[in-house]
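For clarity, every value in this text was computed on a predicted model and none was experimentally measured. Below, each value reflects all heavy atoms present in this structure, side chains not excepted, and no hydrogens, waters or symmetry copies. Chain letters run A, B, ... following the sequence lines, proteins first and then strands; every chain starts at 1.
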Amino acid sequence: MIVRVRLFAIARHLAERGLWETTLPDQATIAALRRQLEREIPALAGLANRFRFAIDARYAGDCEQIPPGADVACIPPVSGG
Amino acid sequence: MIVRVRLFAIARHLAERGLWETTLPDQATIAALRRQLEREIPALAGLANRFRFAIDARYAGDCEQIPPGADVACIPPVSGG
Amino acid sequence: MNRLTYSPIDPGAAIAKVRSVDAGAVVLFLGTARQSTAGRSTSSLDYEAYPEMAAKELAALEDEARRRWNLVQCAIVHRLGHVEIGEICVAIAVSSAHRQAAFEAGKWLIDEMKRTVPIWKCENWADGSSDWVHPGLSEEGTSG
Amino acid sequence: MNRLTYSPIDPGAAIAKVRSVDAGAVVLFLGTARQSTAGRSTSSLDYEAYPEMAAKELAALEDEARRRWNLVQCAIVHRLGHVEIGEICVAIAVSSAHRQAAFEAGKWLIDEMKRTVPIWKCENWADGSSDWVHPGLSEEGTSG
């Protein structure tokens, strides 16, 4: 399946794009997505293990499967306030 | 000496006046003033031991002597805010 | 900066007094006149103060708060006289570089103010009676 | 009531949203853009959010705060985009019958907001460089 991942802040800045499109096996997990991110965007390789991910605007754990067509986002440590 | 004591809130209300004038020996203490208040204003007799007193707009302890001409005040438990 | 006033308190003015480019945090506390207290309906409040002493005590609290925490600014305003339900009775605004100091100082200032500053509240109940509020005095004693 | 906005935040509006005749206490927290951070001069900030998720997370924090404390009202506004020094980045206003709940809830909301809500700050330093702020990431990693 094709997975579209929104990138923010340092991730967006270092990846030089706000949206990253990648292909993963059906029922792939967030952990697989994280490994894919390290491979496909080397600029983020050293940081990817500190990022969280969200599926459909909710934090998702590493074991969670990504549903087809889900709204996925990469969430670097937040700094609002 | 003549001592003028400002009364506030419940003390003013029950004494039916905002200023109480009394005569005490020179160098009388706040403790003596408190006993005088109980004698001279019976409506406050049951409450006087819960009041604090101030000399020249500062809290004064029971052993403190009242200087002649001081600005004395009777301070019932406060309830601002 | 401390003040007693017979006019309505403007919370925006209290905030403006403490905002600063050196402050990352502002905490404002407002005490407001509640419609009911312990299940009993209030129609309004009246505040009385010993103004000269209240001003001194407020200044002493501000000094102490500035000593205990590294505050940028501090402003306290207390209302006197007749106060309608919903109106602001007291505003305490503090600013500091980081938020913990502002929260701690704001909380400490209102707690201490209620303990030491010679200001008194009279509750005018909806049933027409009034009571001076004197924490620690017996109920019968405070009925006015 | 939570909102992300690209316009300056009006603290008076946040206060007005939470005042109530049922509340005896209002606590307002403002986070403001400081001139210097750890001894280094800042010229401005830029905030970015994942807006759909930030709105959900803010709503969840408000629900949780209302469950933990008996709040009358609660309002959170966060600024996005370019913010000049001295401007308000976030306003959190809560009201409750008594002051302890308002202080605790206000403190908890800003602490949790900084921990979970997907909003990011970029510091534009006076020397012309910029850094995304990502607590826990290494310094080199965050230099932008």
Which region of [X], side chain (C-beta onward) or backbone (N, CA, C, O), has a non-hydrogen atom less than 4.5 Å from a non-hydrogen atom of chain D, or is it both or neither?
{"X": "C:Ala25", "value": "both"}
{"X": "C:Ala93", "value": "neither"}
{"X": "C:Ile88", "value": "both"}
{"X": "C:Asp10", "value": "neither"}

Subject >> Pairwise side-chain contact, D:Ile15 with C:Leu28, heavy-atom cut-off 4.5 Å (strictly under) >> reply: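 When only atoms from C-beta onward are counted, C:Leu28 and D:Ile15 do touch, with a gap below 4.5 Å.
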Original post:
Where the side chain of C:Arg99 meets the backbone of D:Gly31, is there a donor-acceptor pair that is under 3.5 Å apart?
Top reply: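 It does not hold such a pair.
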Subject >> Side-chain (C:Arg34) to main-chain (D:Val21) donor-acceptor, under 3.5 angstrom >> reply: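 Between the backbone of D:Val21 and the side chain of C:Arg34 there is no qualifying donor-acceptor contact (under 3.5 Å).
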Original post:
More than 12 non-hydrogen atoms from neighbouring residues, nucleotides or ligands closer than 6.0 Å to CG on D:Asp63, yes or no?
Top reply: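 Yes.
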Original post:
Got more than 12 heavy atoms from elsewhere within 6.0 Å of CD, D:Gln100?
Top reply: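 Atom CD in D:Gln100 is not packed in, count stays at 12 or less.
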Original post:
Where does D:Ala102 contact chain C at under 4.5 Å (heavy atoms): side chain, backbone, both or neither?
Top reply: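 No part of it gets close to chain C.
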Subject >> Most chain C-contacting option - heavy-atom pairs closer than 4.5 Å, from D:Gly12, D:Ala97, D:Pro11, D:Ala91 >> reply: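 Winner by heavy-atom pair count: D:Ala97.
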Original post:
With respect to chain C, which residue among D:Leu30, D:Thr42, D:Val90, D:Ile85 yields the maximal number of heavy-atom pairs within a distance under 4.5 Å?
Top reply: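 If we count pairs closer than 4.5 Å to chain C, D:Leu30 comes out on top.
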